[in-house]
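Starting from 1, each residue takes its place in the sequence as its number. One-based numbering, in listed order, for ligands and for the atoms of each.
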Amino acid sequence: MTAAPEQIDVLDEAREQVLERGVGLSQEQVLKVLELPDDRIPELLELAHQVRERWCGPEVEVEGIVSLKTGGCPEDCHFCSQSGQFPSPVRSAWLDIPGLVRAARQTRETGATEFCIVAAVRGPDKRLLSQVRDGIKAIREDGNDIQIACSLGMLTQEQVDELVAMGVHRYNHNLETARSHFPNVVTTHSWEERWDTLKMIRDAGMEVCCGGIIGMGESLEQRAEFAVQLAELEPDEVPLNFLIPNPGTPYENYPVVEGAEALRTVGAFRLALPRTILRFAGGRELTFGDLGAKQGMLGGINAIIVGNYLTNLGRPAQQDLDMLEELSMPIKALSQTL
Ligand code: SF4
């Protein structure tokens with residue numbers, strides 16, 4: 001009788017493939033990582049941290065985010081409290097240009113290099129684009145050199161070109177979840193429509209920021225599928241969110257992703273995406289608390305948003321900046337990103 005071939009440990013494989021050669025894990029390998037037992041999480045996080053140091057460097061990118069238009073979105077993304085289709089308590093509101101300039105200045109003062117202007121829309125109309133244009137002009141006239149990103153939903157080629165002309169250097173558009181799970185999360189537009197916008201952004205030379213939300217009823221297989229679909233896109237940045245079960249949304253009773261599972265996910269995504277900026281986005285306070293946030297920073301994350309998220313309060317900026325100092329992680333300076 002011949003002995004069964006010995007199973008190669010996925011973290012040993014990752015050490016050689018991802019750490020040494022910079023090649024992200026395959027879907028099958030990511031799944032194995034997501035299935036690792038809890039007692040192997042410290043080893044996973046250590047490896048993920050080494051991978052991020054080796055392929056991205058020690059700096060952490062600090063970013064600010066502001067909502068130019070909040071709530072009242074016609075789409076039905078089931079996790080989103082800004083959808084006008086659910087009875088969530090978020091009201092539709094616009095921020096004026098002086099408010100935008102103030103937010104950008106406060107963000108820059110934290111040492112952040114990136115300021116993302118967000119609107120809750122299917123895609124921008126003429127009014128929104130002209131607000132963005134005027135806003136960017138006013139931020140520059142204020143003497144603020146922060147890099148500007150936008151997140152304004154799905155775009156046409158003409159709108160992509162307009163944003164490039166305005167000097168927007170990065171665009172956020174999340175795929176949110178695996179292609180196979182997307183129809184369970186959104187019915188008013190398709191994963192492919194989002195993908196098409198991302199391709200146009202990439203082809204126009206803007207940086208691509210694309211991530212999603214963990215904990216929306218997807219299986220571990222679908223989490224692995226999502227990680228490799230993101231890797232195929234080769235995004236410059238991946239914001240990783242954990243579901244906040246917002247009141248009034250269809251997911252209001254979904255359980256919060258628990259800490260160990262979230263850390264395994266952070267590690268697995270880093271091993272699938274060795275070179276990307278991996279950002280802790282919404283939901284981390286709920287999932288991790290203070291201690292876990294540090295573990296995540298030591299487990300492959302290299303960007304954070306300071307201050308408030310869009311509709312859920314994040315932690316005060318100073319607390320995050322103190323955490324980076326405590327961890328001896330340098331903040332990426334603007335000159336390094338140009
Ligand atoms: S398109 Fe954006 S703002 Fe609108 S419901 Fe979906 S996630 Fe929310």
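- Aromatic ring orientation, Y171 versus H173: tilted (interplanar angle from 30° to 60°).
- We find that D142 and K137 are not joined by a salt bridge, their nearest charged nitrogen and carboxylate oxygen being 4.0 Å or further apart.
- Judged purely by distance below 3.5 Å, without hydrogens or angles, the side chains of Q147 and T113 never pair a donor atom with an acceptor atom.
- For the residue pair D76/T187, the side-chain donor-acceptor check at 3.5 Å is satisfied.
- Remark: R270 fails to qualify as a cation-pi partner of W55 under the 6.0 Å distance and 45° angle criteria applied to the six-membered ring.
- Judged by distance alone, the side chains of Q17 and Q29 do bring a donor and an acceptor atom under 3.5 Å apart.
- The aromatic rings of H78 and F86 lie perpendicular to each other, with more than 60° between the two planes, well past the 30° mark.
- Taking every non-hydrogen atom of F79 and a distance limit under 4.0 Å, the qualifying atoms of ligand 1 come out as 7 (S).
- Of the protein's heavy atoms, at least one falls inside 4.0 Å of atom 1 (S) of ligand 1.
- Shown here are the protein N/O/S atoms lying under 2.8 Å from atom 4 (Fe) of ligand 1, water excluded: C73 SG.
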